[in-house]
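These notes concern the structure reproduced below.
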2 protein chains.
Amino acid sequence: MADEALSAGAVARRLGVAVTTLRTWHQRYGLGPSEHVPGHHRRYTPADLARLEIMRRLTGEGVAPAEAARWARQAPAVLPPDRLGLKARTSTVRDGGGTTIPVGRAGPVARGLARAAMRLDSVTIGRTIADALAADGVVATWEGLLRPVLAGIGERHAATAGLIEVEHLMSRCVSEALASVARAHPTTGPPRILLSCADEEQHSLPLEALAAALAESGVSYRMLGARVPVAALVEAINRTGPAAVVLWSHTRATAGPHQLSALLAVPRRPLLVLAAGPGWRADSLPAGVVRPVDLAEALSLAVAVRDSLDQSAAG
Amino acid sequence: MADEALSAGAVARRLGVAVTTLRTWHQRYGLGPSEHVPGHHRRYTPADLARLEIMRRLTGEGVAPAEAARWARQAPAVLPPDRLGLKARTSTVRDGGGTTIPVGRAGPVARGLARAAMRLDSVTIGRTIADALAADGVVATWEGLLRPVLAGIGERHAATAGLIEVEHLMSRCVSEALASVARAHPTTGPPRILLSCADEEQHSLPLEALAAALAESGVSYRMLGARVPVAALVEAINRTGPAAVVLWSHTRATAGPHQLSALLAVPRRPLLVLAAGPGWRADSLPAGVVRPVDLAEALSLAVAVRDSLDQSAAG
DNA sequence: TTTTCGACGCAGCAATCGACGCAACTCGTA
DNA sequence: TACGAGTTGCGTCGATTGCTGCGTCGAAAA
């Protein structure tokens, strides 16, 4: 029975692509309804839909659309492996553009992630990130996958004043994935490291990445999150007495050096104060503040603090 | 008791449609008298009439007739509230107390959670919440534990202008725990429900609770998160074509009714628009917007949408 | 006799069609 | 480093298709 014949709009909505894209896929790659009379409406059978699902999944993994279409066209025969070889494709295929997010040379996985983000496909986004985190760890995933894609979205958002919903969805998914890593790694001992955003600073994702990296290394920490006023931060330091404090500032507007000075002025000042993020200006930092250049350096510094504390406790 | 058997003309007059339309609805959509011998006159029972009422109301609200018919055909008892202003009751008085520890009578678990929050003890916070979620489910945990504690912290924060770091830490932990529930329950099918905060609205926790409850029920959704401008929300709706949209507003300042009007004005408007949260004023909502009073009602409405759509996809 | 039945057809409207073009990303080349 | 060629997703435009409510007609039911 042809009772379940979906219209073009219904299929587009289900896949998360535009109706025009479906038409383009049909005439460019031959990925259309099996029975279609030119001029008449397209009616997609479940088999046609399955083929399109493959197309969407492969492009979501970063495969070039032309090649993904080649796989999808011979759908019932052989499904390509889930995690296909990244560099396995022939050099005749070029990557194109379309309405996507610039990821530069970050690789096909990043491209697939960007595509999924544009489609607001949170399931694919979450799965992609989780796979990468499990395979490569927090630091590599952050530097090689998450930061490029997030930067691409941010750039595009700044340029076109759109894409806000994409940015939010992506942030949520990244945050969830990082939190999942943190939860999967039980930490030992009391938290001696305090993570906090600067006052009015809304971007906490890099700090969450650091938190996940710390958890991955078995270091326990305390995470305060975004938009922490100086008074609240000082209060938290007084209350918990951390050995190291990481203060994140994403933009220059939130990077008031007085916040760092306030940290150094508490009764029992932390051993180490890290000013992290691109907001801080190196020439205006108070003495005694360290400014890590990237996630890896911040992580190694924090781990060093933990080790030195262990050492002193043992000796 | 077939005491009330209405003829076709009587039903047509009562509904305000032509008699021929009733016949058309019968043979095109199967919306007719439950017992009808071809060639003989149609006799409509009250149950049949109720089904037709739903059909008429939905089409009157702009729903596509074929889809409205699918909804009406399998209308069990879960008909959505017909009118927005069914009672102007001001959603009861919430847990009143809250002078010392604003947890009120939420129970010892809530008191322990509040204490852990004051200590910035994220480990205990996370474990407490996770246990409660596993034991009682999302809805009960939200209403009985999380909402009271969060409300207490918020009240206290508003009163003393302190406790910001506690509030942030608690929010993060709750968010993580809810996300963990969502990840633990794989959902099937494409997401047809869109969750979003109103413009400038920063509180997304209740929406995340709804998301977790949906996941717990096996309903897939799309979560945009906090601070979604109207343009971005409309863009997302156009792109993904959801069947239901939930727009959360926590305070009156973020509850501009024009945002709801914008949702209803998109080319293919959602079947159901929910204005959730205490920000909305019942008397200023556009027609066709439903306002759930609590998490449970929002959940049941969303589930009803899912069921109706499943039916239509299968039929 | 009055009302309804099934069948057929028609006009309005939303969705879709094919064609075309634009903007943006990648990559090879100079 | 800059630039042109190759790709690709999707917006736009005028025309077409298909759904929908309802009027009409001869026959049958009440």
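Values in this document were obtained by computation on a predicted structure and should not be read as measured data. In what follows, chains are A, B, ... by sequence order, proteins preceding strands, each numbered from 1. As a basis for the values below, the full set of heavy atoms in this structure was taken, side chains included, without hydrogen atoms, waters or symmetry mates.
- In this structure, B:Gln27 places its CD atom 11 Å from P of C:dC8, rounding to the nearest Å.
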Polar atoms only, N or O, under 3.5 Å: list the protein pairs with nucleotides 1-5 of chain C and their distances.
unit_1, atom_1, unit_2, atom_2, d
C:dT4, OP1, B:Ser7, OG, 3.2
C:dT4, OP1, B:Gly9, N, 3.0
C:dT4, O4', B:His41, NE2, 3.4
C:dC5, OP1, B:Arg42, N, 2.7
C:dC5, OP1, B:Arg42, NH1, 3.0
C:dC5, OP2, B:Arg42, NH1, 3.3
C:dC5, O5', B:Arg42, NH1, 3.0

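- Rounding to whole angstrom units, CG of residue A:Leu15 and P of D:dG9 are separated by 12 Å.
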| task | Give the intermediate values and the outcome of side chain to side chain contact (heavy atoms under 4.5 Å, CB included) for residues A:Leu22 and A:Leu15. | result | CA-CA 10 Å; A:Leu22 280 187; A:Leu15 290 179; 4.2 Å; yes

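- Ion pairing between a basic and an acidic side chain is recognised when a charged N comes within 4.0 Å of a carboxylate O; A:Glu53 and A:Arg57 show no such pairing.
- Closest of all the heavy-atom pairs between B:Val19 and B:Gly9 is CG2-CA, 4.2 Å.
- Residues satisfying the ring-ring contact (aromatic ring centres under 6.0 Å, His included) criterion with B:His41, sequence neighbours excluded, are absent altogether.
- B:Leu247 contributes atom CG, which lies 4.5 Å from atom CH2 of B:Trp280 (distance to the nearest 0.5 angstrom).
- Separation of atoms SG (B:Cys197) and NE2 (A:His168) is listed at 9.5 Å; rounding is to 0.5 Å.
- Taking the screw axis at each terminus of the helix from C:dT1-D:dA30 to C:dA30-D:dT1 from five consecutive base pairs, the angle between the two is 30° to within rounding of 10 degrees.
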Does A:Ile164 form a side chain to side chain contact (heavy atoms under 4.5 Å, CB included) with B:Val228? I'd like the steps, not just the answer. CA-CA 7 Å; A:Ile164 301 182; B:Val228 178; 6.0 Å; no

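- Taking atom CG of A:Leu22 as the reference point, atom C1' of D:dG9 lies 11 Å away to the nearest angstrom.
- For A:Arg115 and D:dG9, a side-chain-to-base donor-acceptor distance below 3.5 Å is absent, hydrogens and geometry of angles not being considered.
- In this structure, A:Leu6 places its CG atom 16 Å from P of D:dG18, rounding to the nearest Å.
- Between D:dG21 and B:Tyr29, a contact under 4.0 Å exists linking OP1 or OP2 to a side-chain N or O.
- In this structure, CG of B:Leu31 is placed 14 Å from C1' of D:dT20, rounded to the nearest angstrom.
- When rounded to the nearest whole Å, the span between CZ of A:Arg28 and P of D:dC10 equals 11 Å.
- Between the side chain of A:Thr24 and the base of D:dC10 there is at least one donor-acceptor pair of N/O atoms closer than 3.5 Å.
- Residues A:Asp48 and A:Arg42 are not paired through a salt bridge, judged by the lack of any N-O separation under 4.0 Å between the basic side chain and the carboxylate.
- Across the protein-nucleic acid pair, A:Arg111 atom CZ and D:dG9 atom P stand 12 Å apart, rounded to whole Å.
- Side-chain contact annotation: A:Asp131 with A:Thr128, donor-acceptor N/O pair under 3.5 Å absent.
- We find that CH2 of B:Trp25 is positioned 11 Å from P of D:dT20, with the value rounded to whole Å.
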